[in-house]
Protein chains: 2
Amino acid sequence: MARVTRVAPMPEPIALPLVGAPPPERRDAARNRELLLDAATALIERSGPRGVTMDAVAQAAGVGKGTVFRRFESREGLMAAVLNHSEAEWQLQVMSGPPPLGPGADPWDRLLAFGRTRLETTLLHAELIREAGRTGARAAGAYSFTVTHVRYLLTELGVRGDLPILATALLAPLELPILDQQVNLDGFPVDRVHEGWVDLARRIVGR
Amino acid sequence: MARVTRVAPMPEPIALPLVGAPPPERRDAARNRELLLDAATALIERSGPRGVTMDAVAQAAGVGKGTVFRRFESREGLMAAVLNHSEAEWQLQVMSGPPPLGPGADPWDRLLAFGRTRLETTLLHAELIREAGRTGARAAGAYSFTVTHVRYLLTELGVRGDLPILATALLAPLELPILDQQVNLDGFPVDRVHEGWVDLARRIVGR
DNA sequence: GGACGAAACGGACTGCGGTCCGCTTTCTAT
DNA sequence: ATAGAAAGCGGACCGCAGTCCGTTTCGTCC
């Protein structure tokens, strides 16, 4: 897989250590993280998140079990890592993809596109989010990203009030537990839930 | 404890079986459920929900472990049962306590009282709700009760739209995961969160 | 290249949630 | 009162998440 004819090898980019940054990962550690993430993703694809054990992931990655826990803290942590990876693309679409989801469109249209896709994404990754528990859905990355984005859109729309709180309120009905209840237990069609959310957005934004 | 002089024993109330109702519990089963619930409550009080094991509950109740699972399905089920018991009094206040929480006050005032007390209750039982997982917070009883009540208040307030969905949207920010994030991770003061909720209610109701 | 300290590794081990099945208690019909 | 069936009971047992610590690997400094 490596190129055979390498005439003038590119100098490796040197990672200048940022002051205050945590020390970089050792090479074996990094390699194992990759191996584990891949193994976990594959196993999850095959048997669903619930059917995957930590032992299985360790074995599939050709690594000891202790290593899995060292890298990911817990089962939830591992699931959260996989989840993050799955949602990275969506986040990219929001930040720099084509409108109306990405930048360039009217903020209201962006908000609607955001809500629609967020709802779909959450439902799509439902099992994984469930397995990732607290660590996942509202962990550092994913959650604060959505709040920040919605807060920004609300600002653009000229909404007055406590925006961090309002943004959270607008996002809350899109969280898995609520959607789960409405769609899977109450049996509401997804479209109806979505229309309800748009109505909510209208009332909050004041249109 | 029992009265010693019992002259004319009260006739036991006879439980006439309602048609279509599930068969009544056997006496030993009922006794054990009570024992287990009491034991669990006591242990939780002492060590917090996270520190309580099923074995410990079984032992404290003087009962086999299998019995615990027979009665409550799972650890989450047991926690949910304890939680329900804890919240029963609050539900009673809502349904038939003094205004403004109970009936008799203006619906808007009732809604505000509902939100405030709901927020407090959720925060108060946070650990238990967490341990009760899916089974607990949004289990049959507690959750649908709140939705029904809020939907009723919204009706009284003349709100138009898809009320079941709107009610859910109004309740979502009062769910533990969201409150947890705001209060314990973001560090927002409870009062601020509460004011945010009132603002949300205002926008939904249209005041 | 060698040597040394730090970080990472691996897998045996522990504790807990949940299941299973042979035995006991309760209920009902006679 | 008794017998038979159904429901309940208990605790040994299993699988999996998470820990611990002796061993190995990595990076660095001479």
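Lettering of chains follows the sequences in order, A, B, ..., and the numbering in each one begins at 1.
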Would you call [X] and [Y] a salt bridge, taking side-chain N to carboxylate O under 4.0 Å as the test?
X	Y	value
B:E195	B:R202	no
A:R116	A:D191	yes
B:E34	B:R71	no
B:E76	B:R134	no
B:D180	B:R130	yes
A:R75	A:E131	yes

Can the ring centres of A:F114 and A:W90 be said to be less than 6.0 Å apart? yes
Step through the shown structure and confirm whether more than 12 heavy atoms of other residues, nucleotides or ligands are within 6.0 Å of CD on A:Q59. no
d(CD, A:E76; P, D:dG18) in whole Å: 7 Å
What is the distance, rounded to the nearest whole Å, between atom CZ of A:F72 and atom C1' of C:dA8? 14 Å
Using a 4.0 Å heavy-atom cut-off, write out nucleotides 8-17 of chain D from 5' to 3' as B (base contacted by protein), S (sugar-phosphate only) or - (no contact). BBBB----SB
Protein N or O to nucleotides 1-4 of chain D N or O, pairs below 3.5 Å:
none

